[in-house]
Structure formats: structure tokens, C-alpha cells
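First listed ligand is number 1; within each ligand, the first listed atom is number 1. Keep in mind that the numbers below use all heavy atoms, side chains included, and drop hydrogens, waters and symmetry copies. Please read all numbers here as calculations on a predicted model, not as lab measurements. Numbering of residues begins at 1 and proceeds along the displayed sequence.
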Amino acid sequence: MVGESLKGIEDQVVKLREKINYHNHKYHTLDSPEIKDSEFDALFEELKSLEARNPNLITDDSPTQRMGSIPLESFSQVRHERPMLSLDNAFTEKDLEDFENRVRKNISGNSFPTFVGEPKIDGVAVSLIYQEGRLSRAATRGDGLIGEDITKNVRTIGTVPLALLGSDFPLTIEIRGEIYIPIPEFENMNLALRKLGKKEFANPRNAAAGSLRQLDPSETAKRPLKFFAYSADYQDQNEMPSEHSKVLEDLDHWGVRTNPLRKILTGSSACSVYYDRLALERPELTYEIDGVVFKVNSLSLQKKMGFLSRAPRWAIAKKFPAEEAVTYIQAVKFQVGRTGALTPVAQLEPIKVGGVTIRNASLHNMDEVRRLRIRIGDAVLVQRAGDVIPKVKKRIIGQSKAQTQEIELPLKCPVCGGNIIRDSGLVVARCLSGWNCTAQKKERIRHFSSRLAMDIRGLGNKIISQLVDENHVVRISDLYSLDHKTLSCLDRLGSKSATNILLALEKSKMTTFSRFIFALGIPDVGESTAKELCLFFGNLENLAKANEEALLQVPDVGMVIASNVRQFFDHQDNFDVVMELLDLGVTWDEEISREYKPLEGQVIVITGTLENYSRQELKEKLELLGATVSGSVSKGTSMVIVGESPGSKLKRARDLGVKIFSEIDLKDFLEEYRV
Ligand code: IVH
């Protein structure tokens, strides 16, 4: 019968998928294939042809779908069920002992706690959700609360199972881990980019992040991404094992790749030994690790210890020191920054540091060049630390090339050819072309739209570059006059992305006073100085007309900043741009000053032991913002701030339905108002 034969085909498809998933796990996760590649290919082809003849049987999690599906217009945002946190760092053995002591305070008796030591993989954190054993969603960490949906891209990664093995997995499980690119594959990727004359990735982590952010999943499918899981949360908490190490064993059992170098350790001295061992093994590993993570093994103890700020109290990371190597300086190029400052960058004879080839290293400024007493042709010690740009640490005396050459500031701007001004000591040089120098223009737009400034999402470096090169943005205010047609005509920018950028531009118009001031890019006015200026002057008019004497009254503002701010507003062009931005709709509604009392009329009660402040200190800070601090909870209480081991006040607050905040929530709030 037709029905039966269809059922027969479906069974065949299901069996083939199970077989393929099994062998995929053997190959990718366990590195021990049981069958030849050709046999695997035959199974795959068989499934493909069955699916081609019966397209209704194709499912998202079929192994045939790993190759990548239709490109996306943009990534949608997803909220994490539980925030994705970061880790606190231990720098010394003492820090590790302190960590152990904090853990011991939470256990009875005199026993040493058990930890799991794991390599800290230097990749990109992801959250994977499996429902009924099938991968249903993959997301980036994002800001910890909201990430991006990268399911289609993650489906292309061989080491991420599309379906869990066996049948004893939880109905819903969230698995977290790290996606990375192995070092040899990273080197090959860069080699290919170099041959094409394209910009290379700085390190394997950036390469992994860039690969995951491809809108076209078939692009991601070409990248050599791999996955290690490091934690899981079973939706039904009753099903969770009692220990973290058992969770990892469960994951192994379900075919999820975990790191084999993990180890159960008792006491902080065992942790130190493990750290030293991994530091020795590190150069031999095929993937980058930047340290070791120690986690309390007992999950009930983890729960008891909880979280502090953005990191759990039951885990700590001990980072490895930066890696070093010796090479030669072949040349020095100068980069032009946002304010026109020229920064020397050493072009190195390529050298492997920690498995990664480096070609450039920052020299910061000419003072640094003098301090290091280096010349082109010198042998130097270079250092590489995780994600930061490699640094030249020192000159190796007696190993220079036969011919060396002094490093000199250029006479003209290397980007626009314009005049530059050099100080008498020939330490600092600045291109004077300002907006007329494309390098400065691009950097200023980049700064203006950055997260802490106007936060214009989607306006990436490539887009900014094109907008400037094709004269669509001549003044910064031109950003707000861009239209859909212009944006959608840019290289590789679809109609939906163009719309998203326009929406982001619109959204960014409603900003805050201090973000706007920071966005203007006044030399030396960083985010915190911008906040101080705004708090002090309260509004734009007052700030723009303040003389240097008044500016010097602002905390943290010295002669240089005072003069920079004055010069900025004295410059007609700058003033005009500010006015244009306001005309185009940029606005903010707060006028905060020291007189501003955001907590006016609020009655606050503090309970429990505080980590960051003394009771009195916190009371004063809250009062400064207008709050009344009271000793007892009543119906009239506006909020309760809860520290460690809170007393009966917390219970009473809960009973009365009074708002409850942790010390951490409060810390962010107080920092925002700089009290
Ligand atoms: S546990 C609640 N284990 O390091 C803390 N993180 O600084 C959860 N990372 O973004 C993290 N290897 O992506 C943990 N074995 C490991 C890790 C690891 C790398 C990353 C993680 C996180 C960052 C924290």
C-alpha cells in the first residue's frame, strides 16, 4: 500500500540519519571513525537522494541541512533564559587560596572542597537549546542577557550534534560552550586571505566570531569551526546530577563534545598543580586556551554560593601569562587615529607566538620607540596576550641586522598626504586635515556610532568605509540624512539590512546628554569625563559656553581637557555640526546635575552585609541622590537593598510586596550617577 511504503521510506530516512549522526559523532567528536570516508559519503548520498525524492521528509536537523541554508537578512535577538555570565580572575596562588576559603565558608566541617579544572577555551561562547533531543536554537552570548540567534550557522558545525544520541536526555536542555577555530586551520584561513590581498584575522577567536556572524550559513559551513561544551542546565532540575563532572559525563554520553583535559581536583594546591601542567601542555594543543577555569563540583554548593555581579562565586579563572617570541622589525608604518594622532606600528618578520603567526605589533607612540631604543632591523621580543594587539616588549641587544635605520615620524600624513604638526620633542605627530582626512573621518564616524556613544547598530566598519569613500557621508550629520536607496546600493547590503540601519539611526536620535558629548569625540573626553561634564553643566548650552576656568572646576578635568573642550566649541564647524544634529532630531530628555535627585521621595531600607560599601557609605550615597534611608520595612518603603545573609527585613519586604534590589543592581545605578 502507498501509505505503508511512505512509512517505509520515512523509517529508512530516520535510520539513515541515526547512522550518519552516530558516525559523525565518532568522526568529529571522538576522533575515531569506524568507517571509511567513502562509506560515510555513500550513506550521506543515499539520504540526500531519498530526501530529494521526498522533500516533505526533510527536517531542519537532517545532516543534509548542515551545508547551510538560505542567507539571512539579519540575526534576530533572543533573550537568554538565564544570563550568560563571565568569570572572575585569579592572578596569584593567594587568589586561588582565597577562592578556596570563600568556598569553604559555605561547607560544614573541615573538608577541602572538590573542584573541576578545565581549560579556558579562547573562542566564542554559545548557548544551544535541545528540545526532545533536537537542536532547536543556538545563540551568541551578546551582552549576557540578550544574544543573537545563530541557529542556522551553528547547524553547519560538525562537532555540534543536530540530534543527541540515545534516548535518556532531558526533554529540554540548554548546553553552553565555546566555539573556536583550531590554530592550524586558522593559519590556513589567513594564508588564503593573504593570497587574495584581503585583511587577515588577528587571532583564532576573531576568526571564529567573524565566521559565526556570517549572514549566509553556507559561508559559515566553509569555516573550520569546532565546539566544546562546558556546562548544561536541564529544564527539569530534578533530573540534574549532583555534580558538574557528572553533567559533563552525561553530555559525553549524549554525543556532545566536552574537553578531555578536565580533571577533578581537591583543594587549591591541586588546582595550582593542574594549572602548571596545562601551562606546559598549552603549546602542544591545537586550539587556543587562555587559562584554566576552576568550578565547584557540587551543584548544590554552586547554587548555595550563587552569583556576584556578573560572575558566579563558585568559579574562578586563572589566566596564563602572555606568550613571547623574538623576531625582527622590517618596517614601521604609521596609523592615523580619530584625532589625527599618528601611531607607529611595527611590521615584523612573521613569527609564531603561541601557535599563531604575528606580523604587526603596536609601538604605541614615539616615546615608546625611544624608550625601547629600537630601530628598523633590530631584533625584538614581542608579546601576545589573548585578544589584544601584540606588543613589542624590548630590544634584544647584539642581534640586530647589519643595516638598521632610525624610526622617524613622517613629514606628511600617510593617508591623506596633508600637513602634520609635530611637537618639539618629535614625540607626537598629528595630521591637521581633520575631517578632510579620510582616516580621521572614518574613525570619527566609528566612534560616533559606537555602543557607548550613539549606539547605531549595524553600521559596521566596512559600511562606514564605503559611505566615506563614496562621499555619502561628508559631515557626521549626513548619517541622519541617509536614505534606503543609498544604503541598499552599498556592497553586500541587502534591503532588510538597509532598513535596519535606518531604524537604528532613528532609534539612536533619542540619546542621553553624556552619550552625545562622548560621541562628539572631543580629544581626551572619554565616557567618564563626558559624564562629569554633563553632570556639572547640566545642559548643552552651559557646557558649550563654559570658559576654561569653569571647565577646570569639573572633577577629573585638567588644563588639557578644558582647553580641548573650549577649542571644540569655538570651532565654527563643530558648533554647526552639533546644531545640525539637533535639527535632525537628536535629542535627550534628562538634564542631570549634582542637583538632580533621581531618588527623591524614595524610602529605602538596607539589610544584610554589603560587599562593596559600608552601611554608612551607602546611606550617604543614597541620601545624596535624594533618598531617605530607614531602618525598618513598612508599607511606605519604596525598596529594600539586600546584601549577604539578610535578616527578617527581606522576608517582611517580600510579604509586603516591596521592590527588592541586590547590591549589584544598586552599584550599577550609583555608578551611572557617579556617586
Ligand atoms: S564556565 C558562569 N568554562 O570564558 C560562567 N567558561 O570569562 C560560565 N570559557 O564567556 C563560564 N572556557 O565562554 C566556562 N571551560 C570553560 C570555559 C569558559 C571558556 C569562556 C566562556 C565565558 C568566558 C568567561
#### Entry: E281 atom CD, neighbour heavy-atom count above 12 within 6.0 Å
yes

### Query
Counting only heavy atoms not in F201, do more than 12 sit closer than 6.0 Å to its CZ atom?
yes

### Task
Fit a plane to each ring of F518 and H447, take the angle between them on a 0 to 90° scale, and name the class: parallel (under 30°), tilted (30 to 60°) or perpendicular (over 60°).
perpendicular

### Task
May I ask you to say whether D455 pairs ionically with R457, meaning some side-chain N is under 4.0 Å from a carboxylate O?
yes

### Query
So, D252 and R262, do they make that salt bridge, N to O below 4.0 Å?
yes

### Residue contacts for ligand 1, heavy atom to ligand atom, distance under 4.0 Å
L85, S86, L87, E118, P119, K120, I121, A125, E178, Y230, V293, K295, P312

### Query
Does a donor on one side chain sit under 3.5 Å from an acceptor on the other, for S127 and E174?
yes

